[in-house]
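When a residue number appears, it is its place in the shown sequence, counting from 1.
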Amino acid sequence: MIRQILFLLFLCCFISAHSQIKSQIGVYKAYFFKEGQDLSKPLESLDYSMIKKGKEVEIISVDTSDVYHSIVRYKGKNGIIHNSVLSDRRILIPLFTNLREEYLDDIANGILKEGMNESEVGFIIGIQPKIQQKGENIVRWYYPNLIDKAPDFLFYKGKLCSAEMYRKVVFRYYTTFNFSLKSVELNGEKKSVSKNNNNEYEDEYIKINWEILQSSLSFNILNKTNRSLKILWNNMSFTDVSNNSRRVVSGETRVIHANLEIPSSVISKGSSLSDIAVPYPRKSFIVNYYNCPQELEDMGKPEIGKEIRILFPIEYDGNVKEYIFTFHVNEITLSRKSSL
């Protein structure tokens with residue numbers, strides 16, 4: 001009687017153990033690695049054989065050392081294969097402890113979502129990346145051997161904040177530094193500027209509206225006088241956030257002509273002119289950027305208050321009037337672009 005009970009217990013355990021093993025078809029040819037190896041080493045130094053496309057394997061468990069491999073049984077032998085060769089990786093989900101419930105449907109459907117951890121992204125992608133640590137909190141995944149289909153992922157504090165695949169943005173954030181007009185000087189004299197000026201300034205000679213772009217300053221200027229005005233491009237200069245001065249050229253100036261004399265722009269009485277003032281050599285006013293709102297919040301927006309200036313000389317009735325427009329960063333915005 002005791003023997004019968006023990007046999008039944010053994011049989012139940014055997015059936016229970018084997019009910020956890022699920023068969024799966026490989027949709028690609030697979031490397032079948034011997035267990036106990038460091039799979040980050042070069043392929044030629046590893047012990048492996050091949051499993052042909054379309055062959056059935058039994059899933060035993062995931063390889064707990066990473067999220068890219070599973071331990072399987074093939075022809076009576078245990079070994080490790082890459083998850084990406086399986087036709088349906090959903091059966092692996094219950095074997096992971098670090099896949100969060102709120103993302104399980106997305107993981108099963110292969111959909112990348114902002115906020116996923118590295119295990120969740122790795123489970124979807126199924127290809128082991130090169131990992132680059134960029135500062136204390138930023139990790140980049142990239143795939144240098146995949147030229148045309150190279151995914152690129154960025155994690156901030158372990159959460160996915162940027163994803164690109166097949167040379168297309170899945171989602172990412174773009175940083176915009178918003179500048180507002182802070183002060184105006186005319187021939188060394190400070191002029192009054194309203195707080196809500198919308199980057200507009202007006203006096204008895206001109207009315208000018210500014211738009212600060214990433215690396216240039218767009219403007220529209222109205223000549224309010226009864227005589228012609230000249231914009232003196234050769235005397236114009238730009239001062240960046242590091243207090244370095246640069247030459248300024250018109251937006252219509254070709255790069256090969258940037259170091260040559262630039263003709264003055266003439267504005268007849270009562271008319272207006274639109275142009276772009278381009279500091280040369282051309283580069284972003286602020287080169288920093290933020291990968292996600294959390295990073296911007298953590299960093300405390302150190303660019304707020306940074307200043308740029310443009311010396312904007314005009315000639316009126318034979319006299320040169322030197323305007324200095326100072327702009328400062330008053331807001332930083334992150335815009336999210338998504339192809340989903």
Side-chain angles (χ1 to χ4, degrees), residues 13-14 16-100 103-104 106-108 110 112 116-134 136 138-155 157-160 163-166:
C13 291
F14 180 83
S16 175
H18 279 262
S19 66
Q20 303 301 316
I21 299 176
K22 298 185 179 181
S23 296
Q24 183 66 199
I25 301 296
V27 291
Y28 304 107
K29 180 175 67 174
Y31 291 104
F32 188 47
F33 298 101
K34 185 178 178 180
E35 290 186 275
Q37 301 183 90
D38 181 359
L39 299 183
S40 65
K41 291 184 177 180
L43 184 63
E44 58 269 16
S45 66
L46 299 175
D47 185 359
Y48 68 92
S49 57
M50 302 298 299
I51 300 177
K52 292 183 179 180
K53 174 183 176 182
K55 295 296 183 180
E56 186 177 73
V57 297
E58 293 179 321
I59 308 296
I60 299 175
S61 68
V62 296
D63 180 5
T64 55
S65 63
D66 62 40
V67 297
Y68 312 103
H69 300 90
S70 292
I71 300 173
V72 303
R73 181 173 296 134
Y74 178 66
K75 290 186 176 181
K77 293 182 179 181
N78 289 359
I80 298 175
I81 65 169
H82 205 284
N83 291 337
S84 61
V85 305
L86 300 177
S87 57
D88 185 2
R89 283 178 283 162
R90 298 175 189 223
I91 63 173
L92 301 178
I93 287 179
L95 303 176
F96 283 85
T97 59
N98 50 354
L99 303 184
R100 292 167 291 177
Y103 293 112
L104 292 185
D106 298 315
I107 292 169
L112 291 166
M116 283 182 167
N117 61 36
E118 294 184 46
S119 294
E120 291 155 348
V121 174
F123 190 93
I124 292 174
I125 302 305
I127 306 174
Q128 192 161 1
K130 294 287 186 182
I131 297 177
Q132 179 185 14
Q133 187 77 34
K134 301 180 70 177
E136 182 180 354
I138 301 173
V139 173
R140 178 193 173 210
W141 283 12
Y142 65 105
Y143 302 80
N145 296 325
L146 301 178
I147 299 175
D148 293 327
K149 300 180 180 180
D152 200 307
F153 306 106
L154 216 61
F155 298 86
K157 289 187 173 180
K159 295 181 179 180
L160 183 64
E164 295 184 20
M165 293 187 68
Y166 307 104

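With a 4.5 Å cut-off on side-chain heavy atoms, Tyr31 and Ile51 do not count as touching. Contact check for Gln132 versus Tyr142: side-chain heavy atoms found under the 4.5 Å cut-off. Annotation: side chain of Ile125 is in contact with side chain of Met165 (closest heavy-atom distance under 4.5 Å). For the pair Phe155 and Met116, the minimum side-chain heavy-atom distance is 4.5 Å or more. Counting heavy atoms from C-beta outward, Ile81 and His69 have side chains that stay 4.5 Å or more apart. No side-chain heavy atom of Tyr143 sits less than 4.5 Å from a side-chain heavy atom of Asp152. Annotation: side chain of Glu58 is not in contact with side chain of Val72 (no heavy-atom distance under 4.5 Å).
Within a 6.0 Å sphere centred on CD of Glu44, heavy atoms belonging to other residues, nucleotides or ligands number more than 12.
For the pair Arg100 and Tyr103, the cation-pi test (distance below 6.0 Å, angle within 45°) is failed.
We find the OG-CD distance between Ser45 and Gln37 to be 8.0 Å, quoted to the nearest 0.5 Å. Rounded to the nearest 0.5 angstrom, Leu112 CG and Asp106 CG are separated by 9.0 Å. Here Phe123 contributes atom CZ and Leu104 contributes atom CG; the two are 9.5 Å apart, rounded to the nearest 0.5 Å. The CD atom of Glu120 lies 5.5 Å from the CG atom of Leu99; values are rounded to the nearest 0.5 Å. Here Phe153 contributes atom CZ and Ile124 contributes atom CD1; the two are 8.5 Å apart, rounded to the nearest 0.5 Å. Taken from CD in Glu35 to CG in Asn78, the straight-line distance is 5.5 Å, to the nearest 0.5 Å.
Scored by the side chain to side chain contact (heavy atoms under 4.5 Å, CB included) test, Lys157 finds Asn137, Asp298 as partners (sequence neighbours excluded). Applying the salt bridge (charged side-chain N to carboxylate O under 4.0 Å, His left out) test to Asp47 and every residue at least two apart in sequence or in another chain returns nothing.
Tested against Val139 for a side chain to side chain contact (heavy atoms under 4.5 Å, CB included), the candidates Leu160, Leu154, Ile131 yield a single pass: Ile131.
Nearest approach of Tyr74 to Lys55, heavy atoms of both residues: OH-CG, 3.8 Å. The shortest heavy-atom contact between Trp141 and Pro129 is CD2-CG, 3.5 Å.
Asn117 places a side-chain N or O within 3.5 Å of a backbone atom of Asn98 that can act as its donor or acceptor partner.
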